[in-house]
2 protein chains.
Amino acid sequence: MSIESLSALDRSTLRERSLEALRSAILSGRYRPGDHLGEVELAGSLGVSRGTVREALRHLQQEGLVTAGTRGMLRVNSLTAIEVRELFRVRAALEGLAVREIVASPRRAATAATLRAALERLSDEDEPAARIEADLGFHLLLCRLSGNSMLVEAWQRLEGRMRVAILDGSAAQAPMMARDRHAPIVDAIERGDADAAVRVVDEHMTAAAEHFAEATAAS
Amino acid sequence: MSIESLSALDRSTLRERSLEALRSAILSGRYRPGDHLGEVELAGSLGVSRGTVREALRHLQQEGLVTAGTRGMLRVNSLTAIEVRELFRVRAALEGLAVREIVASPRRAATAATLRAALERLSDEDEPAARIEADLGFHLLLCRLSGNSMLVEAWQRLEGRMRVAILDGSAAQAPMMARDRHAPIVDAIERGDADAAVRVVDEHMTAAAEHFAEATAAS
DNA sequence: ACGAGGGGCACTGTCGACAGTCGCCACGTC
DNA sequence: GACGTGGCGACTGTCGACAGTGCCCCTCGT
C-alpha cells in the first residue's frame with residue numbers, strides 16, 4: 001500500500017490514471033531505483049486489475065523509467081554515470097538540430113521571443129521539483145518550436161531516462177537549471193548564429209552531463 | 001484469417017512471437033497503411049488471446065508501425081511527406097553524432113575496417129527486402145560502433161517509423177542503398193575528418209529524405 | 001555439520017468473459 | 001422525402017482465474 005488509490009472523478013481510462021500514478025510514484029522517489037515493481041502489489045495499491053497495471057508498466061518500460069530484470073520482473077531503472085554522459089550527448093545532438101531548424105526558419109524572431117518569455121519561468125521557481133519541470137519544459141519547448149514533430153517525439157522518448165538521471169543526482173542540481181545557463185542559447189538564436197547556438201547547446205549539455213554523472217557516481 | 005498461426009516450436013513467449021508475426025505482417029504489406037487492426041480478429045488469426053495480441057499491438061504502437069485512431073482503435077501507420085523529411089533530419093543528427101564519436105575514438109581505425117567490411121554486404125543483395133535490411137543494418141552498425149548505447153536506443157526507436165517510410169516508397173529505392181552511397185562515409189571516418197563525415201552523412205540523409213518523401217507523396 | 005531433495009511461495013504468462021461505448025442501419029413520424 | 005430514434009453489432013476497457021516456473025527454505029539422510 002505505497003501509493004494512494006485512484007480517484008474516480010475524471011473520465012480518462014484506468015490505464016492512463018494508473019500510468020500517471022505509477023510515474024509520479026517513481027519520480028517522487030516513493031520507489032527507489034532497483035526496487036521491484038510487482039504487478040499484484042501495484043494492482044492492489046491502485047485498486048485496478050493486474051492487466052491494467054501491466055499495461056501501464058509496459059508503457060513505463062518504454063519510457064525508460066522501468067527496466068526488465070530476471071524472468072520478466074520489472075524494477076525501477078537507474079543509469080550508470082557512463083549512460084548519463086551518453087544520454088546528454090544524444091540530447092545535445094537532438095537539441096542542436098532543434099536550434100538549427102529554428103535559426104533557419106523564417107519565423108526565427110517570433111520563436112526567439114517565445115523562448116525568451118519561457119526563460120523567465122526558470123528563475124521564478126524555487127522548489128527543486130518545479131525547477132526540474134521548468135528546465136525540461138524549456139528544452140521541450142525548444143524542440144517543439146523547431147516544428148519537427150519527429151524530433152519532438154524522439155526527445156520525449158528520452159525524457160523518461162533523463163528524469164531518472166536527474167532523480168539520481170537530485171542534490172544541488174539547481175545551478176544547472178538557472179536562467180543564465182539557458183539565456184546564451186536564446187541569445188545565439190536571436191542573433192541568427194546557428195553555429196554558435198549549437199556550440200552553446202553543446203556546452204550546456206556537456207556541463208549538465210558531468211554534473212549529473214558525478215552525482216550518479218557518488219550515490 | 002490473414003496471418004498464419006504461430007508455431008509452438010520455440011521457447012519464446014507468445015507475446016514475442018505475436019509481436020514478430022504482426023510486425024512482419026505489416027512490413028510485408030499484408031496489412032496496408034490505414035488498415036484497422038482489430039484485437040479480436042488478430043487474436044483469432046494468431047491463435048492467442050486478446051490480451052496477448054493487445055500487448056504486442058501496444059509495442060508496435062511504441063515502435064511507430066501502428067497508430068491510435070478514434071476510441072483507441074489501432075491502424076497501420078503511414079507518414080506524410082513532411083514527416084518523412086523530419087524523420088531523416090533526426091536520423092542525420094543521430095548518425096552525425098555517431099560518426100563524430102567514432103572519429104574521436106582511439107579505436108577509429110578498427111571501427112573503419114569493420115564498417116568497410118559491412119559495406120561489402122550492400123552490393124551483394126539483389127532482392128529489395130534484403131537491400132533494405134542491409135542498408136538499415138549498416139546504419140545501425142554505425143550507431144553501435146559509436147559505443148553510445150543511448151544513441152543506439154534512440155536510433156532503434158526511430159527504426160519502425162523508418163520502415164514505414166520505406167514501405168510507402170518502396171519503388172525504386174535501390175539506388176539509395178547502393179554501396180557507393182555509403183562508401184564516402186567510411187572514407188571520411190578513415191581519414192579522421194569528422195566534419196567531412198558529418199557533412200557526408202547529412203547529404204546522404206537529405207538525398208534519402210527527398211527520395212522517400214517524393215515516393216510518399218506520389219502514393 | 002553439510003549437501004541433496006522436495007515442497008511451498010511469489011512471481012509473471014495467458015486466457016476467457018463481462019461491461020461500457022460508439023457507429024450504423026432500419027424504422028417510424030412529420 | 002427528411003429527420004429523429006431505437007435497437008444492433010463491433011469494438012475496446014477491465015477483470016478474475018488458472019497455469020507454469022524459478023527461488024528459497026526446510027527437511028532428511030549421511
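Fair warning: this is a prediction, and the values are worked out from it, not measured in the lab. Convention: sequence-line order gives letters A, B, ...; per-chain numbering from 1.
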Problem set entry | Atom CD1 of Ile82(A) with >12 non-hydrogen neighbours under 6.0 angstrom | no

Exercise. Within the distance-only criterion (no hydrogens, no angle test), does the side chain of Ser105(B) pair as donor or acceptor with the backbone N or O of Glu101(B) below 3.5 angstrom?
Worked result: no

For this session: Fit a plane to each ring of Phe212(A) and Phe88(A), take the angle between them on a 0 to 90° scale, and name the class: parallel (under 30°), tilted (30 to 60°) or perpendicular (over 60°).
Result: parallel

Exercise. Would you call Arg85(A)-Glu210(A) a salt bridge at under 4.0 Å N-O?
Worked result: yes

Review item, nucleotides 11-15 of chain D N/O atoms under 3.5 Å of protein N/O:
unit_1: dC11(D); atom_1: O2; unit_2: Arg71(B); atom_2: NH2; d: 3.3
unit_1: dT12(D); atom_1: OP2; unit_2: Glu39(B); atom_2: N; d: 3.0
unit_1: dG13(D); atom_1: OP2; unit_2: Arg54(B); atom_2: NH1; d: 3.0
unit_1: dG13(D); atom_1: OP2; unit_2: Arg54(B); atom_2: NH2; d: 2.6
unit_1: dG13(D); atom_1: N7; unit_2: Arg50(B); atom_2: NH2; d: 2.9
unit_1: dG13(D); atom_1: O6; unit_2: Arg50(B); atom_2: NH1; d: 2.8
unit_1: dT14(D); atom_1: OP1; unit_2: Leu14(A); atom_2: N; d: 2.4
unit_1: dT14(D); atom_1: OP2; unit_2: Arg15(A); atom_2: N; d: 3.4
unit_1: dC15(D); atom_1: OP2; unit_2: Ser49(A); atom_2: N; d: 2.7
unit_1: dC15(D); atom_1: OP2; unit_2: Ser49(A); atom_2: OG; d: 3.3
unit_1: dC15(D); atom_1: OP2; unit_2: Thr52(A); atom_2: OG1; d: 2.8

Exercise. Using a heavy-atom distance cut-off of less than 4.0 Å, which residues of residues 60-67 of chain A contact DNA chain D?
Worked result: none

For this session: Rounding to 10 degrees, work out the angle separating the end axes of the helix from dA1(C)-dT30(D) to dC30(C)-dG1(D) (five pairs an end).
Result: 10°

Problem set entry | For Arg54(B), side-chain contact (heavy atoms from CB on, under 4.5 Å) partners two or more places apart | Arg15(A), Glu55(A), Glu39(B), Arg50(B), Arg58(B)

Exercise. Could you go step by step and tell me if Leu140(B) and Arg144(B) meet the side chain to side chain contact (heavy atoms under 4.5 Å, CB included) rule?
Worked result: CA-CA 6 Å; Leu140(B) 177 57; Arg144(B) 267 202 229 281; 3.4 Å; yes

For this session: Look at the side chain of Thr52(A) and the backbone N and O of Val48(A), then say whether any donor-acceptor pair between them is shorter than 3.5 Å.
Result: no

Exercise. Can you list every salt bridge (charged side-chain N to carboxylate O under 4.0 Å, His left out) pair that touches residues 62-80 of chain A, not counting sequence neighbours?
Worked result: Arg23(A)-Glu63(A)

For this session: Could you list the residues that satisfy side-chain contact (heavy atoms from CB on, under 4.5 Å) with Leu158(A), not counting sequence neighbours?
Result: Leu87(A), Val90(A), Arg91(A), Leu94(A), Met162(A), Ala154(B), Arg157(B)

Problem set entry | Full working for side chain to side chain contact (heavy atoms under 4.5 Å, CB included) between His59(A) and Gln62(A) | CA-CA 5 Å; His59(A) 198 104; Gln62(A) 291 291 332; 5.6 Å; no

